[in-house]
Structures are given as structure tokens and as C-alpha cells.
Amino acid sequence: MKIFNTLSRRKEEFVPLEPGKVKMYVCGPTVYNFIHIGNARPMIMFDTVRRYFEYKGYEVNFVSNFTDVDDKIIKKAIEEGVDADTISKRYIAECKKDMEGMNVKPATKHPLATEEISGMLEMIQTLIDKGHAYVAADGTVYFRVKSFKEYGKLSHKNLDDLQSGFREIKVTGEEGKEDPNDFVLWKPKKEGEPYWESPWCQGRPGWHIECSVMSKRYLGDQIDIHAGGEDLIFPHHENEIAQSEAANEKPFAAYWMHNGFLNIDNKKMSKSLGNFFTVREISEKYDLQVLRFFMLSAHYRSPLNFSADLMEASKNGLERILTAAERLRELAGKTAGETLLESEKEQEAALKALVEKFEAAMEDDFNTADAVSALFEIIKLANTTASEASSKAYVSLLLDEIQKLCDVLGIITERKEEILDEEIEKMIAERQQARKSKNFALADEIRGKLLDMGIVLEDTREGVKWKRV
């Protein structure tokens with residue numbers, strides 16, 4: 001298995017720190033509002049990476065945080081006249097709903113920044129004691145960037161050319177820096193903001209320190225994979241490396257993975273451009289499985305363009321998979337024979353080759369685009385070779401492989417049970433009554449009205465079936 005490592009800028013063979021186990025940390029969202037589709041991309045992609053490791057038999061310890069203390073959260077709380085804890089708890093719950101809709105598995109641990117303050121204080125003190133951090137006159141604690149000789153090794157930036165890169169709003173005491181590139185580990189409280197006691201001042205942590213502390217607590221000093229969006233490479237992940245390696249005196253993460261940006265109609269997503277979408281807004285138009293399938297359509301490191309046309313294409317592609325799986329389930333109930341027919345042996349070999357093609361794509365830096373292509377070849381094989389004349393063994397083999405590979409991609413192959421509103425239920429019942437009364441003109445008229453409403457009816461031996469289009 002090869003992974004493109006941002007640190008070395010090349011694909012490297014994956015060798016875990018401990019055989020059979022993967023320790024993986026993925027930076028989670030700051031919870032001040034509904035997550036947007038840019039947040040969704042790393043959630044979906046690195047969930048898929050985790051799923052593939054598990055498919056291959058690895059035990060994965062997967063940690064992803066929620067930043068629940070931040071300037072944006074505080075600003076939102078002030079706007080609503082509530083405390084910051086109310087905002088963060090609300091949007092953590094909403095984020096988990098969206099994650100469930102996208103079939104993103106819960107992390108082994110979802111730590112909260114506010115519950116890890118003691119660990120942050122401990123690491124900051126360690127950095128001060130080792131000469132990597134210092135306290136300004138107002139109690140602000142800064143990391144001394146020049147004390148860490150390898151600073152810039154992830155972003156491949158030259159320290160002499162860097163500007164101060166930390167994300168948070170500049171704090172009182174900025175003039176207390178020894179060097180413009182030094183970044184905040186702890187900052188003094190402001191009026192009306194949440195704060196914690198510390199040896200230096202009443203205040204709260206800087207943004208970067210939380211992930212170093214959470215990773216250390218739940219995964220150890222050294223981890224296999226650290227991942228997130230490419231916008232986090234600098235300064236966030238660069239600063240994490242500096243803090244962690246300066247404090248622990250060990251290499252932090254063996255592999256750094258970063259997903260590419262998500263654009264909207266070939267433009268950068270921005271509220272000012274009016275092309276900013278939350279996952280919740282997308283869910284009002286599409287099943288979130290469609291959004292997940294769309295995210296898998298490109299290699300995770302490539303930029304990805306979001307558009308209505310591409311979402312429709314993803315919806316149609318997902319429908320092909322669901323229809324094939326549904327057909328195989330129906331065939332499994334109609335076929336017999338627990339062993340393959342002689343004529344099916346060649347088809348079994350073709351299936352095995354396509355599964356290997358899927359795995360080869362995933363093992364080449366998790367190329368989900370090529371993996372999906374291999375999956376569609378399996379769907380085509382199933383559609384063209386499985387029939388009521390097939391053995392149950394062959395039909396079950398096809399279905400089992402499709403379900404296993406879809407599970408790697410986080411695609412649920414069973415259609416969700418939908419509840420029709422009373423008006424539609426009433427119309428279907430009226431159409432059935434019209435057919436019984438041989439009033440076929442009325443039955444066709446109702447069918448046409450339902451089609452206009454996006455409901456397609458299918459008359460089968462088992463009764464009327466329907467689906468949305």
C-alpha cells in the first residue's frame with residue numbers, strides 16, 4: 001500500500017508503527033454553525049481510508065476532534081445572547097446528524113478542546129521548561145519557532161521568508177513576541193469570553209495546541225497518519241509538528257495526508273460569492289449518500305468541482321449500484337444451488353480480477369475514482385451474467401462482493417424506506433381502485449400526475465412498487 005506523504009512529497013510504502021494497527025488523527029471542524037460541504041470532503045475521504053484499512057484487517061484507532069472554543073463560537077454566542085457552550089453543543093449534535101447522513105463512522109474518540117485543557121497546560125509548561133516557549137508580559141505564551149530547527153519541513157516553507165501565520169484573531173500582547181513567526185499557545189481572556197486558570201494568566205488555549213495534546217493523549221507520542229484539508233498544512237499542521245516534536249522529542253506522524261480543495265462551479269467556495277453550501281442544505285435536495293458518492297468520484301488530493309450537473313451524475317451512478325444490488329437480492333430468493341455451475345467458474349475468475357483491480361486502486365494512495373470504476377465493471381458483470389438460470393451461489397457471491405466493496409466506500413446498498421405523504425398514498429390507492437374498476441384512463445391520469453411529482457410507479461407480480469426520480 002502506497003500513501004502520498006505531504007512531508008516527503010512522494011508516495012511511500014505504508015509501514016505501520018505497530019504491525020496490524022493504525023493510529024490515525026484527523027482534524028475535525030470548529031463547531032459554530034452547520035458544517036459545509038468543504039468540511040464534508042475530509043470527513044468522507046478519511047472515513048473511506050479508515051474503512052479500507054479495516055477491510056484489510058487492520059485495527060484502526062481513529063481520533064477526530066471538535067474545536068469547541070474559538071473566536072467564531074464566541075462571536076456566535078454573543079450574537080445569540082447565549083454562552084459558548086450552548087453553541088458548541090448544539091452544532092456538535094448537528095454535525096453528528098450530518099455525519100450519520102453521509103455514513104461517516106463515529107471516531108474511536110471525538111475529544112473536545114474544552115475537556116483537554118489540563119493536558120494543554122502540561123504540554124505548554126513542558127515547552128517552556130525546554131526553552132521552546134516563553135511568557136510575554138501580559139501572560140500570553142508563545143512558541144519560539146526558531147528553537148525548532150526543522151520548522152517548515154511539512155509546508156516546505158523557508159522560515160526566513162515566513163510571515164506570522166497563526167489563524168486566530170491577534171491578541172493583546174502581540175508586541176510581546178520575540179519573532180514575528182512565533183505563534184500563540186495560550187492567550188489572556190477578554191471581557192465576556194470563557195477562560196481557564198493557568199500559571200500565566202486567566203485565558204484560553206491557542207488553536208494549534210489542542211490537536212497536539214489530543215493526539216498524544218489518545219494515540220501516543222507517535223502516530224501513523226495525520227490527515228486534514230490542504231488548507232491546514234500551514235500554519236496548523238506545521239505548528240502541530242513543532243509543538244509535538246519539541247515537547248515529546250520524537251517524530252510526530254509518519255504520514256501526512258491532505259485532501260484537495262472543493263470548488264463550486266469552478267470558483268472557490270465563499271459566502272461573499274453566494275456559493276456557500278452546508279451539508280444540511282444539500283440534504284434538502286439529495287440523499288447524502290449522493291454527496292458521499294460525488295466526493296469519491298475524484299482522487300482525494302485533486303481539486304474537486306461541485307455542481308448540480310455533477311451531483312445529478314453521481315445520483316444516477318449511485319442508482320445503478322442500488323438497482324443492481326436490489327436485483328441480485330431478488331434473484332437470490334428465486335435461485336437455487338449452493339455450488340457454482342461449471343459455466344460460472346470463468347465469471348467467478350472475472351469477478352476476482354475486478355475485486356483485485358478495486359483493491360489495487362485503493363492501495364495506490366486511495367484512488368477512489370479508479371476504485372469506483374472497478375466497482376461499475378462488477379455491476380456490469382452482475383447485470384449481464386446473473387439471471388434466474390444462475391446458481392444461488394453465484395448470485396450470492398456477486399452480491400457479497402458488491403456489498404463489501406460498497407462498505408469500503410461507505411455506500412449503503414439497501415434503499416432507505418421512504419414514507420410517502422398522505423396525498424401521494426391516497427393517489428396510489430385511488431389508482432389501484434381505478435384499475436380494479438377497469439377505469440384505465442383515470443389510472444393513467446393518476447400515474448401521470450405522480451410522475452409530475454417525481455414518483456415513478458412499477459406494476460409487478462408482487463404489487464405496485466415506486467421510486468423517486
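Note: hydrogens, waters and symmetry copies are ignored here, and every other heavy atom, side chains too, is used.
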Of Asp224, Ile225, Val49, the one forming a side-chain contact (heavy atoms from CB on, under 4.5 Å) with Ile3 is Ile225
Qualifying residue for side-chain contact (heavy atoms from CB on, under 4.5 Å) with Lys130, from Leu127, Thr126, Ile128: Thr126
Heavy-atom pair of closest approach, residues Ala107 and Arg50: CA-NH1, 3.8 Å
Quick one: which residue pairs count as a salt bridge (charged side-chain N to carboxylate O under 4.0 Å, His left out) with a foot in residues 24-35, not counting sequence neighbours? none
Exceeds 12 heavy-atom contacts within 6.0 angstrom, atom CD of Glu59: no
With sequence neighbours excluded, give me every salt bridge (charged side-chain N to carboxylate O under 4.0 Å, His left out) pair touching residues 257-268. none
Would you call Asp138-Lys187 a salt bridge at under 4.0 Å N-O? no
Given the rule in the side-chain contact (heavy atoms from CB on, under 4.5 Å) test, do Met257 and Tyr300 qualify, once you have shown the distances and angles that lead to the verdict? CA-CA 9 Å; Met257 298 179 69; Tyr300 76 90; 3.3 Å; yes
Run the numbers on Leu409 and Phe358 for side-chain contact (heavy atoms from CB on, under 4.5 Å), then give the verdict. CA-CA 11 Å; Leu409 300 175; Phe358 176 98; 4.0 Å; yes
Checking Arg10 against Phe4: charged group under 6.0 Å from the ring centre and within 45 degrees of the axis? no
His258 to His237 - nearest heavy-atom pair and separation: NE2-ND1, 2.8 Å
The single option from Lys216, Gln222, His226 that satisfies side-chain contact (heavy atoms from CB on, under 4.5 Å) with Phe252 is His226
Can you tell me if Lys89 has over 12 outside heavy atoms packed within less than 6.0 Å of its NZ? no
Glu245 bridged to Lys250 by N-O distance under 4.0 Å: no
Glu401: partners by side chain to side chain donor-acceptor pair (under 3.5 Å), with sequence neighbours left out: none
Report yes or no: do Glu359 and Tyr55 form a side-chain donor-acceptor pair below 3.5 Å? yes
In terms of heavy-atom contacts, Arg144 and Gly131 come closest through NH1-O, 2.7 Å
Sorted by chain and residue number, the side chain to side chain donor-acceptor pair (under 3.5 Å) partners of Lys285 (sequence neighbours excluded) come out as none
Between Trp200, Tyr142, Phe143, which is the residue that forms a ring pair (Phe, Tyr, Trp, His ring centres under 6.0 Å) with Tyr134? Tyr142
Identify, with sequence neighbours excluded, every residue that meets salt bridge (charged side-chain N to carboxylate O under 4.0 Å, His left out) alongside Glu197. none
What is the minimum heavy-atom distance between Val141 and Val135, and which atoms define it? CG2-CG2, 4.2 Å
All heavy atoms of Val372 vs all of Leu296, minimum pair found to be CG2-O, 4.2 Å
Lys105 atom NZ, over 12 foreign heavy atoms within 6.0 Å: yes
Between Arg320 and Phe376, is NZ or CZ placed under 6.0 angstrom from the six-membered ring centre and within 45° of the ring axis? yes
Any pair counted as ring pair (Phe, Tyr, Trp, His ring centres under 6.0 Å), so long as it reaches residues 69-102, sequence neighbours left out: Phe34-Tyr91
Does any part of the side chain of Asp221, heavy atoms only, come nearer than 4.5 Å to the side chain of Glu249, both counted from C-beta? no
If you count heavy atoms of other groups shown closer than 6.0 angstrom to CD of Glu430, is the number above 12? yes
More than 12 foreign heavy atoms under 6.0 Å from CD of Glu80: is that the case here? yes
Between Glu54 and Arg51, is there a side-chain N and carboxylate O pair less than 4.0 Å apart? no
Glu12 to Tyr255 - nearest heavy-atom pair and separation: OE1-CE2, 3.7 Å
Lys2 charged N/C atom sitting above Phe14 aromatic ring, 6.0 Å / 45°: no
Quick one, Lys189 and Arg204 - any side-chain contact, counting heavy atoms below 4.5 Å? no
